[in-house]
Amino acid sequence: MAIATKDYGLFIAGESVEAEEIRELAEPATGAALGRAAMASPEDVDRAVEAARAALEGPWAKTPPNERSRLIHALADAIVANRKELTELETRNVGKAVTSVKGEVAVSAEYFRWYASAIATIAGRAVPMGGSVLTYTLKEPVGVVAQIVPWNYPFMMTSWKLAPALAAGCTVVLKPDPATPLSALRLAELAVEVGIPPGVINVVPGDGPTTGSHLVTHRGVDKVAFTGSTRTGSEIMRLCAEPVKRVSLELGGKSPNIFFADADLDAAIPSSVYAVYYAAGQSCDARSRVFVEKPLYDEVVSRFSETASRMKMGDPLDEETQMGSLISQAHREKVHGFVEAGLEEGVELVTGGHPLDGDGAFYPATVLANVDNTMSVAQEEIFGPVVSVIPFEDEAEAVKLANDVQYGLVATVWTGDPARGHRLARQIKAGTIGINCPNTAFPGLPFGGYKQSGFGRENALETLEMYLETKSVLTWTGAKPVNPWGL
Ligand code: NAD
């Protein structure tokens, strides 16, 4: 059933459908009403899984790879054509700076394009056996996939998840966070508009413990791909254990950013400010632990704080804004709670550290100095604009401190010595290492975690393997088959 503007239904079998539960959404930056979104019940999830199964075994199975590739390119074109609408929707829904969201929407189209081309790499192989055995392998889609994404990059995380699944020939039931379902719903509509068959992409917003766990445990779901916190990821892995469901997890981080005394600070400081405060620190790859070789410590603390305090915070839709609001007042309280705990443990507050007055969930760029790596502010994922600056003596200690954390998502090293950069790249236990480079994700480059940051890789050829089964086929072409019984 069609719904009116500002009312957002579930998206099942190519249609926007109503649900019993409707939730009011508000803009986190202003508190203004944003719309009413339907939340999926377990029965709605059942209908979405059925639709995904029907599409998997029906039209999508009959769509040859070159046609899948064309459709994925067409979806990328539709993202570009609708980028203004998608950017505004996402900016209002998440509260992040529009300049950031613009980039996220643009690069999301590129992820689809990259996978549209990567379809050409999906192929089995003949395995030489000698004698008269002929063998080959087939690559088949893993089936119906449940994809669960968080609120921090709703559109980009949805794109990271959907693109490889579509390329592999899977169908999807995607569960966005209940607070940020809008851009995923619009993307699913665009997919149908460009000709991707109804039922290939279904979107069922709802709460984790109800809608999410029903989806994860559904017998019609063959694989679960999750992005979110380590705590939820661990619960999802437990839910997938009993039915031996395929699962991949992209989880949290507490990533190090290491400044050696020979670093080019003019490049390192602004890049590192960007690397932690991008999306107001609500990024899995936020470099929130800054380690500084002792002779540079005071200079880095002072220049980092000075740059951070100049960041322009305000209306997310203003092109001048560098940092928007946090996702909600409740999340801001959580972030501030970490800062207060740090202050009780004796850290020094250099800049920021206080919630701002007004309706929005704004929290300033915050720098904590004199932090010990064992403190909660250095060990736990704050998921807000808070950085801990920690001194180190030498290279060995830098590596030890960087690795001394439960996470292993990304790390950045700033040094004038390229050999040292590559040495650390091998010694740091993380999925992505930047040497004099704050960026972490590009289409084609594997992204994912060591340790409790999860397993599986996104954005790359490795990802396709997570959405494919490999089947071995063999036959005798000559002499009679033999077996130990001589039969
Ligand atoms: P979260 O774990 O609370 O929620 C993530 C998603 O899981 C939401 O859609 C939520 O509704 C759902 N969920 C919660 N409980 C569930 C359950 N029992 N069964 C099924 N689904 C359930 O995480 P969050 O706070 O929304 O997101 C922030 C986290 O995501 C951070 O830890 C961040 O580091 C991580 N993250 C990781 C990556 C990455 O690529 N590694 C990218 C973005 C965010």
Side-chain angles (χ1 to χ4, degrees), residues 23 28 37 39-40 42 45 93-94 96 104 108 111 146-161 164 173-181 184 203-218 221 224-241 245 247-255 276 278-288 326-328 330-332 334-335 338 380-384 405-410 430-432 440-441 445-460 463 466:
R23 224 171 268 183
M39 297 290 133
V45 170
N93 198 178
V94 185
K96 266 195 296 199
E104 289 158 26
S108 293
Y111 283 103
Q147 300 190 318
I148 299 180
V149 292
W151 48 260
N152 61 337
Y153 293 82
F155 191 74
M156 199 167 75
M157 291 299 107
T158 295
S159 303
W160 281 20
K161 288 269 178 284
V173 179
L174 181 117
K175 194 201 80 62
D177 188 278
T180 54
V203 183
V204 288
D207 287 327
T210 49
T211 313
S213 54
H214 185 73
L215 176 60
V216 166
T217 51
H218 199 293
V221 165
V224 177
F226 172 77
T227 296
S229 65
T230 296
R231 190 175 44 78
T232 309
S234 165
E235 166 67 4
I236 285 181
M237 202 170 163
R238 195 185 65 76
L239 293 173
C240 290
K245 223 165 251 193
V247 62
S248 47
L249 304 173
E250 292 291 336
L251 308 178
K254 189 73 186 177
S255 298
V276 65
Y278 184 88
Q282 303 167 115
S283 295
C284 53
D285 66 350
R287 265 47 54 81
S288 52
L326 299 182
I327 188 69
S328 65
H331 185 59
R332 181 170 73 167
K334 209 171 131 202
V335 169
F338 276 109
E380 291 184 39
E381 187 180 37
I382 298 176
F383 225 54
V405 70
Q406 62 170 321
Y407 299 108
L409 194 58
V410 311
T432 300
T440 57
L445 188 69
F447 184 89
Y450 278 40
K451 304 197 274 183
Q452 291 187 28
S453 290
F455 52 82
R457 292 292 179 270
E458 302 222 87
N459 306 338
T463 322
M466 308 194 310

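For this chain, numbers begin at 1 and follow the sequence in order. Ligands are counted one by one from 1 in listed order, and the atoms in each one are counted from 1 as well.
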> For Ala280, is there any backbone N or O sitting under 3.5 Å from a side-chain donor or acceptor partner on Lys96?
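No; judged by distance alone, with no hydrogens or angles, the pair does not exist.
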> What is the distance from atom CG of Asp285 to atom OG1 of Thr432, rounded to the nearest 0.5 Å?
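The CG atom of Asp285 sits 8.5 Å away from the OG1 atom of Thr432.
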> Which of the atoms in ligand 1, numbered in the order shown and given with their element, are less than 4.0 Å from a heavy-atom of Leu409?
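Taking each heavy atom of Leu409 in turn, ligand 1 has 41 (N) under 4.0 Å.
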> Among all protein heavy atoms in this structure, tell me which lies nearest to atom 9 (O) of ligand 1, with the distance rounded to 0.1 Å.
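The closest heavy atom on the protein side is Val149 O, 2.8 Å.
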> Would you say the side chains of Lys161 and Thr227 form a donor-acceptor pair under 3.5 Å?
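Distance-only check passes for Lys161 and Thr227.
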> Identify the protein heavy atom lying closest to atom 27 (O) of ligand 1, giving its residue, its atom name and the separation to 0.1 Å.
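That would be Pro150 CB, 3.2 Å.
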> Roughly how far, to the nearest 0.5 Å, is the CG atom of Leu409 from the CD atom of Glu381?
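Here the rounded value is 9.0 Å.
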> Test your reading of the structure: does Thr230 have an N or O sitting under 3.5 Å from an N or O of ligand 1?
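By distance alone, the answer is no.
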> Looking at Asp207 and Gly212, would you say the former's side chain and the latter's main chain have a donor-acceptor pair under 3.5 Å?
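It does not hold such a pair.
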> Between the candidates Ser234, Gly449, Gly208, Ala146, which shows the shortest non-hydrogen contact distance to atom 17 (C) of ligand 1?
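When every heavy atom of Ser234, Gly449, Gly208, Ala146 is considered, Gly208 comes closest to atom 17 (C) of ligand 1.
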> Would you mind reporting whether Phe226 and Leu251 have side-chain heavy atoms less than 4.5 Å apart?
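The answer is yes; the side chains approach within 4.5 Å.
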> Starting from atom 32 (O) of ligand 1, locate the nearest protein heavy atom and write down its residue, its atom name and how far away it is, to 0.1 Å.
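Atom 32 (O) of ligand 1 sits closest to the protein heavy atom Glu381 OE1, 2.6 Å.
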> Would you mind running through ligand 1 and noting each atom that sits below 4.0 Å from a heavy atom of Gly212?
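Here the atoms of ligand 1 in question are 19 (N), 20 (C), 21 (N).
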> Look at the rings of Trp151 and His331 and say which category their plane angle falls in: under 30° parallel, 30 to 60° tilted, over 60° perpendicular.
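Taking His331 first and then Trp151, their aromatic rings stand perpendicular (interplane angle over 60°).
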> For ligand 1, does Leu251 get within less than 4.0 Å through its side chain, its backbone, both, or neither, judged by non-hydrogen atoms?
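The part of Leu251 near ligand 1 is the backbone, not the side chain.
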> Give yes if a backbone or side-chain nitrogen or oxygen of Glu458 is under 3.5 Å from a nitrogen or oxygen of ligand 1, and no if not.
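No.
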> Examine distances only and state if a side-chain atom of Lys245 and a backbone atom of Val224 form a donor-acceptor pair shorter than 3.5 Å.
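It does not hold such a pair.
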> Note the single closest protein heavy atom to atom 6 (C) of ligand 1, along with its residue, its atom name and the distance in Å.
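The answer is Ile148 CG2, 3.6 Å.
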> Give a yes or no on whether atom 4 (O) of ligand 1 lies under 4.0 Å from any heavy atom of the protein.
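Within 4.0 Å: no protein heavy atom nearby.
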> Using a strict cut-off of 4.0 Å, indicate which atoms of ligand 1 neighbour a heavy atom of Met157.
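In order of number, 42 (C), 43 (C).
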> Compare Gly228, Pro209, Ala179, Gly448 and give the one whose heavy atom is closest to atom 35 (C) of ligand 1.
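Nearest heavy atom to atom 35 (C) of ligand 1 lies in Gly228.
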> Give, for atom OG1 of Thr230 and atom CD of Glu250, the distance between the pair rounded to the nearest 0.5 Å.
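Atom-to-atom, Thr230:OG1 and Glu250:CD are 10.5 Å apart.
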> Indicate the atoms forming the closest heavy-atom contact of Pro150 with Asp177, along with that distance.
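Reported closest heavy-atom pair: C-CB, 4.1 Å.
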> Could you tell me which atoms of ligand 1, counted from 1 in the order shown, lie closer than 4.0 angstrom to a heavy atom of Phe383?
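Checking each atom against Phe383, I get 28 (C), 31 (C), 33 (C), 34 (O).
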> Which part of Gln282 is near ligand 1, with near meaning a heavy atom under 4.0 Å away: side chain, backbone, both or neither?
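The answer is neither.
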> Would you mind listing which atoms of ligand 1 come within a distance below 4.0 Å of any non-hydrogen atom of Thr232?
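Matching atoms, with element in brackets: 1 (P), 2 (O), 3 (O), 13 (N), 14 (C), 15 (N), 16 (C), 22 (C).
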> Has ligand 1 got any nitrogen or oxygen that is less than 3.5 angstrom from a nitrogen or oxygen of Trp160?
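No, since none of the N or O atoms of Trp160 sits under 3.5 Å from an N or O of ligand 1.
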> Judged on heavy-atom distance to atom 42 (C) of ligand 1, which of Ser229, Cys284, Gly253 sits nearest?
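Heavy atom nearest to atom 42 (C) of ligand 1 belongs to Cys284.
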> Output the list of atoms in ligand 1 that are nearer than 4.0 Å to some heavy atom of Asn152, sorted by atom number.
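Result: 43 (C), 44 (C).
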> Would you compute the distance between atom OG of Ser229 and atom CD of Gln452 and round it to the nearest 0.5 angstrom?
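Going from the OG atom of Ser229 to the CD atom of Gln452 covers 11.5 Å.
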> If you measure from each heavy atom of Tyr153 to ligand 1, is any distance below 4.0 Å?
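Contact check Tyr153 vs ligand 1: negative.
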> Quick one: which ligand 1 atoms are inside 4.0 Å of a heavy atom on Ser213?
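In order of number, 19 (N), 20 (C).
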> Which pair of non-hydrogen atoms, one from Pro28 and one from Ser328, has the smallest distance, and what is that distance?
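Scanning both residues, the minimum pair turns out to be CB-N, 4.5 Å.
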> Could you state the interatomic distance from OH (Tyr153) to OG (Ser159), rounded to the nearest 0.5 Å?
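Taking OH in Tyr153 and OG in Ser159, the distance rounds to 13.5 Å.
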> With heavy-atom distances below 4.0 Å as the criterion, list the atoms of ligand 1 near Thr227.
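Matching atoms, with element in brackets: 5 (C), 36 (N), 37 (C), 38 (C), 39 (C), 42 (C), 43 (C), 44 (C).
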> Tell me the protein heavy atom at minimum distance from atom 10 (C) of ligand 1, and give that distance in Å.
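Checked against all protein heavy atoms, atom 10 (C) of ligand 1 sits closest to Lys175 NZ, 3.7 Å.
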> I need the minimum non-hydrogen distance between Asn152 and Val94, along with the two atoms involved.
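In terms of heavy atoms, the two residues are closest at O-CG1, 4.0 Å.
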> Please report which non-hydrogen protein atom sits nearest to atom 25 (O) of ligand 1, along with the residue it belongs to and the distance in Å to one decimal place.
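The closest heavy atom on the protein side is Trp151 NE1, 3.3 Å.
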